[in-house]
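Accompanying notes for the structure given below.
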Amino acid sequence: MKLATFFPYRNDARKILIPYLNQLTEAQWYARHPDHPNSIAWIIEHIARSEDEWINVIALKGERRLQCVLDHPQQILQAYIDIRNHTDLKLSAMEYDEHEPAVQLPHFSDGWEPPSPPTLRWIFHHIFDHESYHIGQIGVIARLNGFDGPLF
């Protein structure tokens, strides 16, 4: 069984989010509010870089794909799209193994440890869950700054 079988809805929120992000102005991408420390640009870049780190460096023991500085909304959005396309290719090629060993994680400076053994399946679940959490923040950031959020 392919590992991707466990994540059939992993890209559903993106079907609404990406068109929404495409219609934002640069000012909206970078808008900040005193009640929230981050901008939409920061959130999207954070999602992309986190996925890159967890999949390509931690799980696959390779190199980051996102090396460059992302300094424009379209560049950030393209990195967000590209890293998921790469992740989907890797995920679609992997077989699920219920006896797979835990992946060795780096030591996190804040002392965080996963709540269960970090298998490949756990890592992909973590990445998709992490994205969902931050996508929810985008609606909060938009509304705090006085413009409409994504329609989900």
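For the atom pair CD of Gln23 and CZ of Phe147, the computed distance is 9.0 Å after rounding to the nearest 0.5 Å. Atom OH of Tyr80 is separated from atom CG of Asp52 by 14.5 Å, given to the nearest 0.5 angstrom. Leu66 contributes atom CG, which lies 8.0 Å from atom CG of Asn56 (distance to the nearest 0.5 angstrom). Separating the CD1 atom in Ile40 from the CD1 atom in Ile43 is a distance of 8.5 Å, to the nearest 0.5 Å. The CG atom of Asp12 sits 4.5 Å away from the NZ atom of Lys15 when rounded to the nearest 0.5 Å. Note that CD of Glu26 and NE2 of His72 are 4.5 Å apart. Values are rounded to the nearest 0.5 Å.
Counting heavy atoms from C-beta outward, Asn38 and His46 have side chains that stay 4.5 Å or more apart. A heavy-atom distance below 4.5 Å is found between the side chains of Ile58 and Pro106. Using a 4.5 Å cut-off on side-chain heavy atoms (C-beta onward), Leu120 and Tyr96 make no contact. The side-chain heavy atoms of Thr87 and Arg10, taken from C-beta on, include no pair separated by under 4.5 Å. Between Lys61 and Val103 the shortest side-chain heavy-atom distance falls below 4.5 Å. Two residues are said to be in side-chain contact when any heavy atoms from C-beta on lie closer than 4.5 Å; His36 and Asn145 fail this criterion. In this structure the side chain of Phe7 never reaches within 4.5 angstrom of the side chain of Ile127, judged on heavy atoms.
Ala13 and Ile135 make their closest contact through CB-CD1, 4.0 Å (heavy atoms, listed as atom of the first residue, atom of the second, distance). Residues Trp122 and Ser116 approach most closely at CD1-OG, 3.2 Å, considering heavy atoms. The shortest non-hydrogen separation linking Ile123 to Pro118 is CD1-O, 4.2 Å.
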Item to check | Residue pair Leu105, Trp54: steps toward the side-chain contact (heavy atoms from CB on, under 4.5 Å) verdict | outcome: CA-CA 9 Å; Leu105 298 183; Trp54 275 98; 3.6 Å; yes
Next on the checklist: Checking Leu3 against Glu95 for the side-chain contact (heavy atoms from CB on, under 4.5 Å) test, could you report, in this order, the C-alpha distance in whole Å, the side-chain angles of both residues, the deciding distance, and whether it holds?
Outcome noted: CA-CA 5 Å; Leu3 191 55; Glu95 293 290 330; over 6 Å; no
Next on the checklist: Using side-chain contact (heavy atoms from CB on, under 4.5 Å), reason through Arg32 and Leu144 one step at a time and then give a plain yes or no.
Outcome noted: CA-CA 8 Å; Arg32 291 185 186 265; Leu144 283 172; over 6 Å; no
Next on the checklist: If you apply the rule side-chain contact (heavy atoms from CB on, under 4.5 Å), what do you find for Ile138 with Ile44, and how did you get there?
Outcome noted: CA-CA 9 Å; Ile138 291 170; Ile44 296 299; 3.6 Å; yes
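When hydrophobic clusters are built by joining Ile, Leu, Val, Met, Phe, Trp and Tyr residues whose side-chain heavy atoms come closer than 4.5 Å, directly or via intermediates, Leu17 is not grouped with Phe128.
Environment of CZ in Arg65: sparse, with no more than 12 heavy atoms of neighbouring residues, nucleotides or ligands closer than 6.0 Å. Residue His33 qualifies as enclosed at atom NE2: its count of foreign heavy atoms under 6.0 Å is above 12. Around atom CD of Gln104, no more than 12 heavy atoms belonging to other residues, nucleotides or ligands sit under 6.0 Å away. More than 12 heavy atoms of other shown residues, nucleotides or ligands fall within 6.0 angstrom of atom CZ in Phe6. A 6.0 Å sphere centred on CG of Asp148 holds no more than 12 heavy atoms belonging to other residues, nucleotides or ligands.
Between Trp112 and Phe108, the ring planes are perpendicular. Angles over 60° get that label, and only those under 30° would be called parallel. Ring geometry, His130 versus His134: the interplanar angle exceeds 60°, so the pair is classed perpendicular (tilted spans 30 to 60°).
Checking side-chain atoms of Glu45 against main-chain N and O of Ala41 turns up no donor-acceptor pair under 3.5 Å. Listed for the Asp129 side chain is no donor-acceptor partner under 3.5 Å among the backbone atoms of His125. Using modelled atom types, no side-chain atom of Ser92 and backbone atom of Leu89 make a donor-acceptor pair closer than 3.5 Å. Using modelled atom types, one side-chain atom of Trp29 and one backbone atom of Leu21 make a donor-acceptor pair closer than 3.5 Å. With hydrogens and angles disregarded, a donor-acceptor distance shorter than 3.5 Å links the side chain of Arg143 to the backbone of Gly139. Using a distance-only test at 3.5 Å, with no hydrogens or angles considered, no donor-acceptor pair links the side chain of Arg64 to the main chain of Glu53. Counting only distance, with no hydrogens or angles, the side chain of Arg84 and the backbone of Glu51 share no donor-acceptor pair below 3.5 Å.
Salt bridge status for Glu131 with Arg14: present, with a side-chain N to carboxylate O gap under 4.0 Å.
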